[in-house]
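The next block holds one structure in the form of structure tokens; read it before the comments.
Predicted model only: the values in this text are computed from it and were never measured. So that the names make sense, note that chain A is the first sequence line, chain B the second, and so on, each numbered from 1.
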2 protein chains.
Amino acid sequence: MASSIHDLARHLNISIGTVSRALNGRADVNAETRQRVLEAARKLNYSPNQSGRSLRKGATHSIAFMLQPHPGDQQYGEPFFIPFLIGLQARLAEHDLDLMVVMGEPGQYQQERLRRVVETRRADAVVLANTRREDDRIDYLSKAGFPFATLGRSQSGGDTYPSLDIDFERAGDEAVDRLVARGHRRIAAIRPSLDLNFGYLFLDGYRKALKRHGLEVDPGLIADGFINETGGYQVTPRVMLSRDRPTAIIFNNDAMALGGCKALAEMGIRPGHDIAVIVIVDTPLCRYFSPALTAFRPSLEPMGRRLAEMLLASLPAFAGPEGTRIIREVWPLELVARESD
Amino acid sequence: MASSIHDLARHLNISIGTVSRALNGRADVNAETRQRVLEAARKLNYSPNQSGRSLRKGATHSIAFMLQPHPGDQQYGEPFFIPFLIGLQARLAEHDLDLMVVMGEPGQYQQERLRRVVETRRADAVVLANTRREDDRIDYLSKAGFPFATLGRSQSGGDTYPSLDIDFERAGDEAVDRLVARGHRRIAAIRPSLDLNFGYLFLDGYRKALKRHGLEVDPGLIADGFINETGGYQVTPRVMLSRDRPTAIIFNNDAMALGGCKALAEMGIRPGHDIAVIVIVDTPLCRYFSPALTAFRPSLEPMGRRLAEMLLASLPAFAGPEGTRIIREVWPLELVARESD
DNA sequence: CGTTTTTCCGTAAACGTTTACGAGAACACA
DNA sequence: TGTGTTCTCGTAAACGTTTACGGAAAAACG
């Protein structure tokens with residue numbers, strides 16, 4: 001059932017070299033011969049053995065996406081990544097590249113899985129997500145000279161790799177702007193406690209906007225929690241119990257917002273009535289929650305496509321005539337005004 | 001930087017054959033020699049080239065999980081799979097098997113991606129999810145003689161492959177039981193409209209329980225919708241507008257439940273007060289929704305581990321001395337009683 | 001001491017590709 | 001006719017492993 005290039009050669013009574021050249025569209029093969037090869041390939045249901053090809057070419061024709069679940073009580077996934085991956089894989093497929101998603105274990109340090117991919121050469125490049133402010137995966141890959149791109153910025157590694165990020169800073173800024181315009185003065189910010197870079201970026205924008213409006217930055221209104229529903233649930237009461245209650249909360253994550261709203265509900269505080277709520281990254285949850293949550297929406301699928309292009313442009317094997325380029329982009333979010341603010 | 005087995009051999013002044021044998025723990029190599037090889041491997045930072053190994057052994061040492069996003073307006077993922085994948089990958093890792101997640105595009109038929117994996121021999125086996133009642137992926141893999149296992153049952157392919165499923169039938173049954181015990185007589189069921197097998201199983205249990213309680217099965221109380229929030233939102237009003245309103249709804253999917261609750265809210269109907277709601281597959285959303293949704297919870301991570309074991313037991317290369325076994329299991333769900341019913 | 005067994009290791013082929021090299025045939029040109 | 005060019009293809013090496021085979025040396029045994 002597994003027909004090889006040798007089978008084709010034997011069947012057509014020509015050499016394997018010619019078969020290979022015909023299949024790969026090289027110029028030095030007779031048009032008629034190529035036709036016969038292609039036809040035989042179809043008839044014998046030939047498809048190239050990836051291992052053989054990889055071995056010879058030193059390339060695997062696949063890109064690894066490192067999906068690291070956050071440690072936590074319940075290990076549910078971030079819906080965020082799926083549309084991104086769809087875009088990523090779609091663009092990669094156009095270049096005959098496979099996308100493989102490599103999972104780590106929640107507690108376990110992702111470094112080990114990454115090493116494995118790199119050292120056994122399972123992929124030609126990797127895509128990192130959940131970038132930390134200081135990210136040793138980036139340090140490792142840079143030092144190893146292994147090609148990679150990141151979804152999200154980091155302070156590690158300089159400007160030596162392609163990266164695509166959402167403009168969390170601006171989103172934090174705009175969220176404050178909007179709330180201030182609606183009369184709010186005490187605005188809380190709730191973000192993940194890990195070293196995740198976007199949490200810092202969001203807070204930068206939040207602070208900047210407050211200052212611009214001449215409002216003080218009250219540390220009692222800023223809280224870090226675990227990046228899931230439980231985290232939001234646990235940490236939201238903390239800001240609500242500060243001496244001077246906030247009248248608005250900006251959540252940096254949809255899961256945290258859900259947990260936070262639960263905590264609010266238990267305190268008898270109704271989002272959209274008693275308090276304004278804005279979420280930075282929109283998901284279907286925000287849309288279908290009651291009240292529907294005002295949120296900032298990214299274009300995930302186009303971002304996936306774009307990061308694929310950026311990664312490819314940085315790979316010598318795929319870079320066009322203009323050579324290898326490192327591109328870094330930061331994309332805006334779109335505000336979706338709903339009922340919660 | 002990429003040190004091969006040849007480098008080790010040269011460095012130690014022995015043959016590559018011996019190096020390979022030492023590395024693979026074969027018996028016919030001197031203990032001291034093995035020590036030296038292992039040491040050199042560590043020093044030269046050797047790790048085997050996967051392509052070379054795969055080519056020689058005819059095995060890739062990786063298992064593919066096919067993740068097919070449902071077509072829909074917004075392509076968000078099912079959080080369901082992440083904990084399952086964590087368990088799956090954990091057990092596979094113990095056998096030095098990598099897990100790769102292969103994405104398809106939403107609209108596109110997954111068959112094509114699957115073919116690619118199989119024909120180019122990118123994985124040694126595949127794991128299928130979202131099994132349809134009649135599933136041509138299963139037919140294809142069976143016919144191709146390619147090893148696979150499924151998360152979820154199907155009517156295709158007979159009992160020739162390992163499969164692990166949740167007992168949706170019993171969950172549907174128990175949900176009705178519980179609602180009837182609480183005085184409900186008109187109970188609606190909302191499930192996905194695709195050919196997804198669990199939708200049928202759920203409905204079987206639902207019908208069976210109704211009949212046992214001497215209640216008629218009213219087609220007006222059963223609705224199929226798209227398997228996401230929008231689907232639930234669109235289809236829930238339909239059962240609410242039937243001549244004789246239901247007093248309870250069982251949702252076969254958490255996303256549909258969210259959409260459905262939104263529709264209820266817009267009709268001024270409060271889950272937990274005006275209507276009872278039960279969800280078949282629990283997620284953090286159910287727990288943190290207001291009111292918290294009563295739901296049936298699966299043990300996803302253990303299920304992932306188990307399916308890995310079942311798949312391995314069916315692979316000649318990994319089956320123990322007892323030989324190759326096909327195992328099929330159906331696991332119960334645990335009822336988590338909360339506020340919505 | 002001779003014979004047999006065991007221990008250890010080197011040799012070389014094989015997995016399925018791609019590709020550098022060279023050669024034969026056909027063709028063009030003077 | 002001789003020389004150079006172009007077209008087409010076969011040969012063989014190479015990628016990094018694993019492993020069947022055989023042989024040399026050491027050990028065991030009579």
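- A sub-4.0 Å separation between OP1 or OP2 of dT18(C) and a side-chain N or O of R53(A) is present.
- Residues F146(A) and Y140(A) keep their aromatic ring centres 6.0 Å or farther apart.
- Between T18(A) and the phosphate of dG10(D), there is a side-chain N or O to OP1/OP2 separation shorter than 4.0 Å.
- Checked for salt-bridge contact, R328(B) and D165(B) miss the test: no charged N lies under 4.0 Å from a carboxylate O.
- Atom-to-atom, CG of D28(A) to C1' of dT19(C) comes out at 10 Å; the value is rounded to the nearest Å.
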**Request:** Check the pair K57(B) / D124(B) against salt bridge (charged side-chain N to carboxylate O under 4.0 Å, His left out), numbers first and verdict last.
**Result:** CA-CA 11 Å; K57(B) 308 244 306 183; D124(B) 297 339; over 6 Å; no
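- Under 3.5 Å, the side chains of R116(A) and Q50(B) contain no donor-acceptor pair of N or O atoms.
- The CG atom of N13(B) sits 13 Å away from the C1' atom of dC9(C) (whole-angstrom rounding).
- Rounded to an integer number of Å, the gap from CZ of R36(A) to P of dT8(D) is 14 Å.
- A donor-acceptor contact under 3.5 Å is not formed by the side chain of R56(B) with the base of dG16(C).
- Backbone-only engagement by N30(B) is indicated by non-hydrogen atom pairs under 4.0 Å involving sugar-phosphate atoms exclusively.
- Counting to the nearest Å, the P atom of dT18(C) and the NE2 atom of H6(A) are 11 Å from each other.
- To the nearest angstrom, P of dG16(C) lies 11 Å from CD1 of I5(A).
- Across all strands shown, R26(B) has heavy atoms under 4.0 Å from sugar-phosphate atoms exclusively, and none from any base.
- In this structure, S20(A) reaches the dT18(C) phosphate: one of its side-chain N or O atoms is under 4.0 Å from OP1 or OP2.
- Nearest-nucleotide assignment on DNA chain C puts the 5′-proximal partner with V29(B), out of K57(A) and V29(B).
- The interatomic distance linking R10(B) (CZ) with dT17(D) (C1') rounds to 15 Å, in whole Å.
- A straight line from CZ of R21(A) to C1' of dG22(C) spans 11 Å, rounded to a whole angstrom.
- To the nearest angstrom, P of dT17(D) lies 9 Å from CG of D7(B).
- At a threshold of 4.0 angstrom between heavy atoms, the contacts of T33(B) are confined to the sugar-phosphate backbone, with no base atom among them.
- Here I16(A) lies in heavy-atom contact (under 4.0 Å) with a base.
- Side-chain contact annotation: S54(A) with S51(A), donor-acceptor N/O pair under 3.5 Å absent.
- Residue-level contact check: N49(B) touches the backbone only, with heavy atoms under 4.0 Å from sugar-phosphate atoms and none from bases.
- Within 4.0 Å (heavy atoms only), G17(B) reaches at least one base atom of the nucleic acid.
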